[in-house]
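All chains are named by letter (A, B, ...) in the order of the sequence lines, taking the proteins before the strands, and each is independently numbered beginning at 1.
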There are 2 protein chains.
Amino acid sequence: MVASDKRSQLLETALQLFYEKGINAVGINEVLKSSGIAKKTLYNHFSSKDELVLASLQLRDQRFLAWIESKIEKAVDNKQVVIQLFKALTDWFNNRAPELPPFRGCFFINSAIEYGVTNDEVAAYCRQHKQQFRQILAARLTDIPEGILDTLCTLKEGAIVMAQVSGDTMAAEKCLPAALKLLNKD
Amino acid sequence: MVASDKRSQLLETALQLFYEKGINAVGINEVLKSSGIAKKTLYNHFSSKDELVLASLQLRDQRFLAWIESKIEKAVDNKQVVIQLFKALTDWFNNRAPELPPFRGCFFINSAIEYGVTNDEVAAYCRQHKQQFRQILAARLTDIPEGILDTLCTLKEGAIVMAQVSGDTMAAEKCLPAALKLLNKD
DNA sequence: TGTAGTGTAGACAGATCGGTCTACTTTTTC
DNA sequence: GAAAAAGTAGACCGATCTGTCTACACTACA
């Protein structure tokens, strides 16, 4: 049992709780109790809660982007990319994506809003995640104008918020026609 | 000087601070210090912080919807409504809307995310605000399909998030062409 | 087998928070 | 002008949070 075992257990627990309940609503002691690990061990692997938060963001970042990538990599043209993207979002919103925990919005939007005010590094990382998503999408779309790419990203963010705040888990599905319309030459 | 004077002073201060820094980041004592009002007076007008939060949401709700309404009421057709809406959002994001305090995202998205987990009433009010916005927009658009109305709302929410999290204050402007395209018959 | 590293359990400190309460002052109202 | 209502200033309580520290147990390895 290597040392990083405890570290990854703590990280898994922290990510699960932070995403489910929000960073501020989850204390260090709850992470400890839920993971069954002692406090000193946590502070041996992470110097502070903020460091644990950042590591959680990195883990989620890696997993979420890999998941999205896997959903659109098989698409053969722009239309299929957009279809697969919005289908994937709908699966996510309705808890039909086994790779992801139950939907509670975007971890990065949530964290930027509730934690970014007091922690610049968290805010910066959340911004970076959004940029990375944009690049992954751009890499799968051929000859796509910047404005249309931005609009697709805006629709994605909006759908997430609609699903979370308004409970409209069909938000992504509803704007799929509009997203496809964007691809047409006028 | 009627009693409601102190109440409205507290409410103004609370709304300003809650919106600027987030509800959790602002303690009761900060509201008191900033407003120059005694603690007992606050608890004479509001039974708890949660009640003050709800009153702040209501005040913002009323003001924001009135502001949006004023921006689109002069539009003579669907195209003008959409143009005015997204121009207004861009003004808001870039602090060119004197009626609104400096942009820090949507108070209702922010509050739902950071406070809605522990307070159902707050979550419900935020959802209701989004519904009211949708109705105000619907009332100004003629013969608009539900799906297009939903997509316009999604673009609006997405633009707010892009402006706040990614710092893209031109997000609304960028998706105006897409929004206008939605209005065209296919 | 002894030592260094890692773990556990949890008391504790220091800070902050929401909310109550007392004692006193000001304002309003009849 | 007296009584009632409303406001001030801030001490105080209990709860909660992050992070430190002590005392002890287990494990790996030379």
Side-chain angles (χ1 to χ4, degrees), chain A residues 1-57 110-111 113-123, chain B residues 1-57 110-111 113-123:
Chain A
M1 183 185 290
V2 286
S4 69
D5 207 22
K6 294 287 174 186
R7 191 190 137 97
S8 67
Q9 285 176 39
L10 283 164
L11 205 45
E12 289 291 342
T13 306
L15 173 55
Q16 187 248 312
L17 291 174
F18 287 159
Y19 178 67
E20 179 190 338
K21 304 181 180 183
I23 297 172
N24 283 321
V26 175
I28 288 292
N29 289 312
E30 187 175 349
V31 176
L32 298 175
K33 189 177 178 183
S34 181
S35 63
I37 292 177
K39 188 175 280 193
K40 195 161 192 196
T41 305
L42 186 150
Y43 282 101
N44 191 30
H45 288 292
F46 304 95
S47 69
S48 65
K49 183 183 181 181
D50 282 12
E51 200 171 296
L52 182 61
V53 167
L54 266 179
S56 301
L57 287 169
N110 297 351
S111 300
I113 286 175
E114 77 160 337
Y115 216 71
V117 193
T118 44
N119 188 318
D120 291 340
E121 222 171 337
V122 166
Chain B
M1 185 186 289
V2 286
S4 70
D5 207 20
K6 295 286 174 185
R7 192 190 136 96
S8 67
Q9 284 176 39
L10 284 164
L11 205 45
E12 290 291 341
T13 306
L15 173 55
Q16 187 248 314
L17 292 173
F18 287 158
Y19 177 68
E20 179 189 337
K21 305 180 178 182
I23 297 171
N24 282 322
V26 174
I28 288 291
N29 289 312
E30 188 176 348
V31 175
L32 298 175
K33 189 177 178 184
S34 181
S35 63
I37 292 176
K39 188 175 279 195
K40 195 160 193 199
T41 304
L42 187 149
Y43 282 100
N44 192 28
H45 288 292
F46 304 94
S47 69
S48 65
K49 184 183 181 180
D50 283 12
E51 199 170 298
L52 182 60
V53 167
L54 267 178
S56 302
L57 287 169
N110 297 351
S111 300
I113 286 176
E114 77 159 338
Y115 216 71
V117 192
T118 44
N119 187 318
D120 292 339
E121 221 170 339
V122 166

Using side-chain hydrogen bond (donor to acceptor under 3.5 Å, both in side chains) as the criterion, list what pairs up with E51(A), not counting sequence neighbours.
S47(A)
Quick one: [X] [atom1] to [N] [atom2], roughly how many Å, whole number?
X	N	atom1	atom2	answer
R7(A)	dG5(C)	CZ	C1'	18 Å
F46(B)	dA6(D)	CZ	C1'	15 Å
D5(B)	dT26(C)	CG	P	19 Å
Q9(A)	dT8(C)	CD	C1'	14 Å
E51(B)	dG18(C)	CD	P	15 Å

Can you tell me how far OG1 of T41(A) sits from NZ of K6(A), rounded to the nearest 0.5 angstrom?
7.0 Å
Closest-nucleotide 5' rank along DNA chain D - winner of A25(A) and S47(A)
A25(A)
Which pairs would a plain distance check flag for residues 25-33 of chain B, meaning a side-chain donor or acceptor within less than 3.5 Å of a matching protein atom at least two apart in sequence or in another chain?
from, atom 1, to, atom 2, distance (Å)
N29(B), OD1, K39(B), NZ, 3.1
E30(B), OE2, K21(B), NZ, 2.5

Note: contacts of residues 10-23 of chain A with DNA chain D (heavy atom, under 4.0 Å) are none
Expected output is a numbered-order residue list: members of residues 26-44 of chain B with a heavy atom under 4.0 Å from any atom of DNA chain D. What is it?
G36(B), I37(B), A38(B), K39(B), K40(B), T41(B), N44(B)
Can you find a pair of side-chain heavy atoms, one from F18(A) and one from N110(A), that are under 4.5 Å apart?
no
Set of salt bridge (Lys or Arg N to Asp or Glu O under 4.0 Å) partners for E121(A), sequence neighbours left out:
none
Are any side-chain N or O atoms of E114(A) and backbone N or O atoms of I113(B), one a donor and one an acceptor, separated by less than 3.5 Å?
no
Can you check whether S35(B)'s main-chain N or O pairs, donor with acceptor, with Q9(B)'s side chain at less than 3.5 Å?
no
Within the pair H45(B) and dA6(D), is there a side-chain N or O less than 4.0 Å away from OP1 or OP2?
no
K49(B) vs dG18(C): side-chain N/O to OP1/OP2 distance below 4.0 Å:
yes
Which residues satisfy the side-chain contact (heavy atoms from CB on, under 4.5 Å) test with D50(A), sequence neighbours excluded?
S48(A), Y115(A), N119(A)
Can you check side chain to side chain contact (heavy atoms under 4.5 Å, CB included) on L11(B) and H45(B), steps first, answer last?
CA-CA 10 Å; L11(B) 205 45; H45(B) 288 292; over 6 Å; no
